[in-house]
Each structure stands twice: as C-alpha cells, then as structure tokens.
A.B. asks: 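One structure, pasted below without further comment.
Reckoned from all heavy atoms, side chains included, excluding hydrogens, waters and symmetry mates. Throughout, a chain's letter reflects where its sequence line sits, starting with A, and its residues are numbered from 1.
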2 protein chains.
Amino acid sequence: MATIYEVSALAGVSLATVSRVINGSGRVSEKTSKKVRAAIQTLDYRPSSAAKSLASNRTDSVGVLVSEFHGPFYGAMMSGIESELRAKSKHGIFAAGHSDEISEKEGIEFLIDRSCDALILHVEAVSDAYLIELSKGKTPFVLINRFIPELADICISLNNDLGGHMAAHAMLDAGHTHIAYISGPLWKNDSRDRLHGFKNALEKALVPFDEGLLFEGDYHEESGRQGLLNFVKNKKKFTAVACANDEMASGVYKAARELGLTLPEDLSVVGFDHSIFASYLYPQLSSVNYPIGRMGKMAARLVLRNIYKALIKDIKHEFEPELISHDSIAQPK
Amino acid sequence: MATIYEVSALAGVSLATVSRVINGSGRVSEKTSKKVRAAIQTLDYRPSSAAKSLASNRTDSVGVLVSEFHGPFYGAMMSGIESELRAKSKHGIFAAGHSDEISEKEGIEFLIDRSCDALILHVEAVSDAYLIELSKGKTPFVLINRFIPELADICISLNNDLGGHMAAHAMLDAGHTHIAYISGPLWKNDSRDRLHGFKNALEKALVPFDEGLLFEGDYHEESGRQGLLNFVKNKKKFTAVACANDEMASGVYKAARELGLTLPEDLSVVGFDHSIFASYLYPQLSSVNYPIGRMGKMAARLVLRNIYKALIKDIKHEFEPELISHDSIAQPK
DNA sequence: TTGTACGCGTTATCAT
DNA sequence: ATGATAACGCGTACAA
C-alpha cells in the first residue's frame, strides 16, 4: 500500500502539501494540487485510517446501540442512521443491548473502547442517573426514543403520550366506550407514556376506564394473545382493544380467531408503531405511526452537527406520532 | 486518557512488558504481571485502538454488506454476525448495498477504505467475475448466500435448489398437480436455483409444469398479488401456488381475498424464508426455512478462523433448507 | 504557498 | 523475563 511519502515523492512536493490537498485544509495552488492528485491516482493511494485517527484523534465512527438487530423496528432506525452517516464519510458501529441493563452497559463500554467519536443510544434498561453520569464522560452521545430533562438537547424522542391519545381517539371516534388496553412492560418509559396518554384521552372524553381492562404485556406477540384471553376469561365487556405495539395486536388477532370473533366487526383493534407487517395482517391493522427511520436520521444529523461540525439546520428533538388508518376498526355493534 | 507510558512508569516496568501483559504475548512473571494490572486498574487505562491499529496493521473490524437493514431477513443475519464477532472482541461495520450493482461496489469500496480486516458480503448484483477479481485484492472476504465454484472455500450458501424441491413437494404430497410458481427476479442466482429445484421436483414426480403458471415477481409483496391476479386473468387452472419468498406469499393472500377465495381450502400457498411474519399471516404460512441467522454466525466464524486465527472447527459451507408446516396448505378440492 | 519536524500510542525486533 | 528503540502513516504548528 502506497503511503503519503511515496505520493509526495512522486509529486515532487512535501508530505504536508499532500495532506493539504487530501483534506482540503490550507491553501494550495491549483498547479500543485493537480500534480498531487495525479500522483495519488497513479499510486492508487488510500490514506491509512489508523494513522489518520492516531494523528487527528478522531475515528470517523459513530457507535450505535440498538435493542435488537432483527424485527422491523430497529432495521428502519439503523438504515436511517447509516445512510445519513455514510453521506458524510462516517460509519456506524452497531451493537445490541437486548433491553437488559447489564447488556446495555456492556454494549456502551464496548463502543467506547472502540473509540467511537460519538454514540447514538437506544437504551431502555439503564437509568437516567447512569446516562447523566455518562454524559460527563469523554464520549458524547445522543439518545433516541428517550427524554431526560437534564439531557434534553441530546434527546430525540417521540411524543408517546400523544400517541396514546391517538390510539384512544381512534376508538372513541368510532363510537367505542368499552376499550381495553394491552400495555408494554410498565418499567419502560414509552409504555408508561402511551398508557398515560390513553387514559388521559378517555378521561377528557368522560369515558371511564376499567382497570380490569388493562393488561401488561411484554411487547411480544404471545402476550397480546394472553391479554385478550385474559379479558374474556374475566368476563369483561369491551368492543375494542388498543395495543402498545403491533406485535401484541397480532397476538390479539390470533386470540380473536381462537374465540371465533370476526374482525373488525366483533372487535376493533389498533396497534402502535405501524410496523411493516401491519399491512400483512388481515384485516390490515390501523396503527399509530412511529417514524423511527426519520428519527434515526435525525439522531445522525445531530451527531454530525455537534461532533463533526457539519452545517446542519432543522434539528428537531421531538417527533409526533400519527394514526394510520386501515381496516381493523369498525363501529361497535 | 492514560497511555501505556504512564502505566509502565507507575508499574516500574518497560513499555514492552506492559504490552505483553495486555496482549498475553510472551512470558511475563506473575509478579510483574500483577503490578502491571494494578497500574492499569488505578489509571483506568484503555489502549488506544488507533495506535494499536497503526502498529499492528489490524483494526479488529469486519465490514458487512447487506442488501437492506430493514426487513426480517437481514436483521437476523446481522444479529448472528454481531454476537459472534463481539464475543471475540471484534466489531462489525455495516453498510447497505440495495441490491444494486453500483451501490454494492460503492459499499465494498467504502468498507475497504475503512480498512476492515475482512468483509462479509451479501451481494446480489455484482458479477462473479468482479468477486473473483476482488479476491485477488488485499482485503479478504466471505460470501453469504452465494456460491461461486472458484471461491468455494469462502462461500456460505443455502441449497436453494433443494428448497425449491421442498416447496414443490409440500404441494405434491398434499395431492396438488396444478401448481403455480411466483418467482423472484430471475437475474438473481437464488431465484433461479429455487425455480430450478421446483421444476425439477415436478418433473421427477411426472407432473407437467405449465409455463403459463410461472410469474416473475420482485420479492416484494405487491408482485405476489400481481402474480395471482395474472394467473386468474389468464384463466389458468391451479389449486396451489408456491412463492419464492414470504412477502410475495403475503401478496397472494391479499389477492386471494380480493377474489373471494378462502384460504387454504380454495388455494394452498407455500412461502420461502420462513420470515418472522410468516406466523403473523392468517392462515399461518407454511414456508421453506432459510436459516439466515445461523448462516450469519457461520460467516463470522469463518472470518474469525481465517483472519484472526481463532481455533474454530465445524465450519460448514452449505446449509439445508427445511419445510416449516403451518396452516396454508390443504388438499385440493 | 510550501516545507520541516515533531507528536500521536501502540507493536515488535532486537539485545540483555 | 525484561528493556531499549525503531517503525507504523498521518496531522499540524511553526518556519521559510
């Protein structure tokens, strides 16, 4: 592999000049620049990223911690981050945190040890205190899907409360008054916010909420199924069920079929996230959209601006959900 | 950040010794080693990965090119790769190739410029010749989901031909003799292999295949829908349809419902990949399993063994598909 | 505008 | 077993 020395020799200039034309730093005459570029061409010279990092103290890499690689959710987020970074010649190093405190901390340590210039974190299990402490460290980061008042300027979050509102109103507007709710794990912030928004919307509409129609799931399909079976077992009356994500809504579909219910006539369902597979379900699932791809892009842009001093305007910290209507909501019989 | 100099000073030993302790290379007395470790602890010393890379000419990073980040397929693959690499303190740099020749080449260039120690490539659009040429270059790589005779020892592939066989037999065994096939793009190797296996199985079973019952889709849902509508429009007789992936099978479900068909009584369907959402469909989709997660792990293990000299046995180059039976196949009426 | 010289924090090759 | 020292390839003040 050719080095910058060979290039400078061939071009008949000093290596400082070569460095300048490569990085566009400092003034270089067009003539010299041309010679240098020619030399780079003929030698097929590629700068050593290691040497560059050592000298500049930057790696051009951004560590990204997601909960999981699979599933429709994080893929969209990673995709948004990667394309945005790559356009600026940076790259992402992705690691999984598995929604587990130990594992998330290990992941963060791993990425810091990789000497990433910055991190983008989608963490659920570590505490606010831990993150506030982390923010005092050397590696800057951005949080996605999380809001911590003390770190507001590095948070990219969804208005989950509003999302809960929308789920409730999707049902209220169709005339439902007995609406069950299958929540995510209540130790997660987003789960609590969605539920809060949901209850709040009912309250404002003067529709009482029966706590017996609340089931705490785990965001996986089977817990959605269990939730519906549970309501039925307890002989609850309800004509609609809102789910805190689409997987659980799919579980509700399954349980409904087991019970011989026809969707959406016998039961209206609304999901959350508007995952890619919402449209694979039958009837196609109405769902509150979570623009995670755009949020991933925004997180990358925030890093690009804060760390790499890219000229980026239009930074936005909070995103709004939106109801995507399909065929899973009918009027109550 | 503490450097190795400070550690050596505090421990009262030379640089070389510290380096030896860290990397476990060369003999070091237990006593010295202890002193060094203590110094590392108190200084909270972390080796600089850049300096390490520069001196050792390794980055401990593996570039991974996938077609897309989203969707159920690549997530499982990336997940397998990441966990396997991280266990050995290596990391993946992921990039997307979008199944497009230019874009795939750019992605490969990008990863090489990142000075990855090796690459894991899931490429569809670049030619065999290009890859053979690439193999003569400096950066070693492994191919996933592709078999090139000249590069057999760096290929991890699925027996797609056998998969096609299985899809055909799922139908034949249920008694179907008029079986349509919705293929992926025929410029892709896996599409061709699956189709070939499918036709071959029919032939062996002495069931003639009507070319009018072949439709070339693009692996996306809508093309599956188009395929089925196309067969019907042409007044073809068939009782079953095999799809080259699950997305297109989902499209077939949609078209079937539009046509008022009841699944699986009026039409049996089999998919390919056994994506996570195969079970979200109703009726749950029978599908030929593609163990992409395990294949990703295997690709990582191959890199670990070949490049990083890890002691790994049980390398396997070809994986076998497997029919996962659910509820989408019935006997013909 | 261009060149010189030093520093970045390791690994690895010699000696000792 | 341990230490001294030369690479590794580039960025960047500082000079010229």
A.B. asks: Please figure out whether A:Val28 or A:Leu54 has its closest DNA chain C nucleotide nearer the 5' end.
C.D. replies: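 Nearer the 5' end of the strand: A:Val28.
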
A.B. asks: Tell me what B:Ser49 touches on the nucleic acid: a base, only sugar-phosphate, or nothing, going by heavy atoms under 4.0 Å.
C.D. replies: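 If one applies the 4.0 Å heavy-atom cut-off, B:Ser49 turns out to touch nothing in the nucleic acid.
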
A.B. asks: Which one, D:dG9, C:dT10, C:dG3, comes nearest to the side chain of A:Ser14?
C.D. replies: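 That would be C:dG3.
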
A.B. asks: Just how far, in rounded Å, is P of C:dG9 from CG of B:Leu43?
C.D. replies: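 Rounded to the whole Å, the gap is 14 Å.
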
A.B. asks: Check this for me: does the side-chain of A:Tyr5 come within 3.5 Å of the base of D:dC10 through a donor and an acceptor?
C.D. replies: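 Donor-acceptor pair under 3.5 Å: yes.
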
A.B. asks: Calculate the interatomic distance between A:Asn57 atom CG and D:dG11 atom P; express it in whole Å.
C.D. replies: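 The answer, rounded to whole Å, is 13 Å.
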
A.B. asks: Using modelled atom types only, decide if a donor and an acceptor are shared between the side chain of A:Thr59 and the backbone of A:Ser53 within a distance under 3.5 Å.
C.D. replies: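 Looks like no, no N/O pair under 3.5 Å.
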
A.B. asks: Choose from D:dC10, C:dT11, D:dA1 the nucleotide whose nearest atom is closest to any side-chain atom of B:Arg27.
C.D. replies: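 Of the candidates, D:dA1 comes closest.
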
A.B. asks: State whether A:Ser25 places a side-chain N or O below 4.0 Å from either non-bridging phosphate oxygen (OP1 or OP2) of D:dT12.
C.D. replies: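 For D:dT12, neither OP1 nor OP2 has a side-chain N or O of A:Ser25 closer than 4.0 Å.
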
A.B. asks: Ion pair present between B:Glu101 and B:Lys105, side-chain N to carboxylate O less than 4.0 angstrom?
C.D. replies: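 Result for this pair is yes, salt bridge flagged.
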
A.B. asks: Taking only heavy atoms on the protein side, list every residue of residues 16-23 of chain A lying under 4.0 Å from any atom of DNA chain C, sorted numerically.
C.D. replies: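 The stretch gives A:Ala16, A:Thr17, A:Arg20 as the residues lying under 4.0 Å from the strand, ordered by number.
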
A.B. asks: Please compare A:Ile4 and B:Thr32 by the position of their nearest nucleotide in DNA chain D and report the one closer to 5'.
C.D. replies: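 On the 5' side of the pair lies B:Thr32.
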
A.B. asks: For B:Arg58, report the nucleic acid contact type (base, sugar-phosphate, nothing); a contact means any heavy atom under 4.0 Å.
C.D. replies: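 Answer is nothing: B:Arg58 stays at 4.0 Å or more from every strand.
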
A.B. asks: Does any N or O in the side chain of A:Ser157 come within less than 3.5 Å of the main-chain N or O of A:Glu318, such that one atom is a donor and the other an acceptor?
C.D. replies: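 No; zero donor-acceptor contacts below 3.5 Å.
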
A.B. asks: In whole angstroms, how far is the C1' atom of C:dT13 from the CG atom of B:Leu15?
C.D. replies: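 Roughly 14 Å, once rounded to whole Å.
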
A.B. asks: Please state whether the rings of B:Phe110 and A:His91 are parallel, tilted or perpendicular, taking 30° and 60° as the class boundaries.
C.D. replies: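 Plane angle over 60°, so perpendicular.
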
A.B. asks: I'd like to know if the side chain of A:Lys90 and the backbone of A:Lys88 have a donor-acceptor N/O pair within less than 3.5 Å.
C.D. replies: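 Yes, the answer is positive, given that a donor and an acceptor are paired below the 3.5 Å cut-off.
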
A.B. asks: Check the orientation of B:Phe73 and B:His122. Use parallel for under 30°, tilted for 30 to 60°, and perpendicular for over 60°.
C.D. replies: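 Rings of B:Phe73 and B:His122: perpendicular, over 60°.
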
A.B. asks: Look at B:Lys316 together with B:Asp314 and state whether they make a salt bridge at an N to O cut-off of under 4.0 Å.
C.D. replies: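 The answer is no: the pair does not qualify as a salt bridge.
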
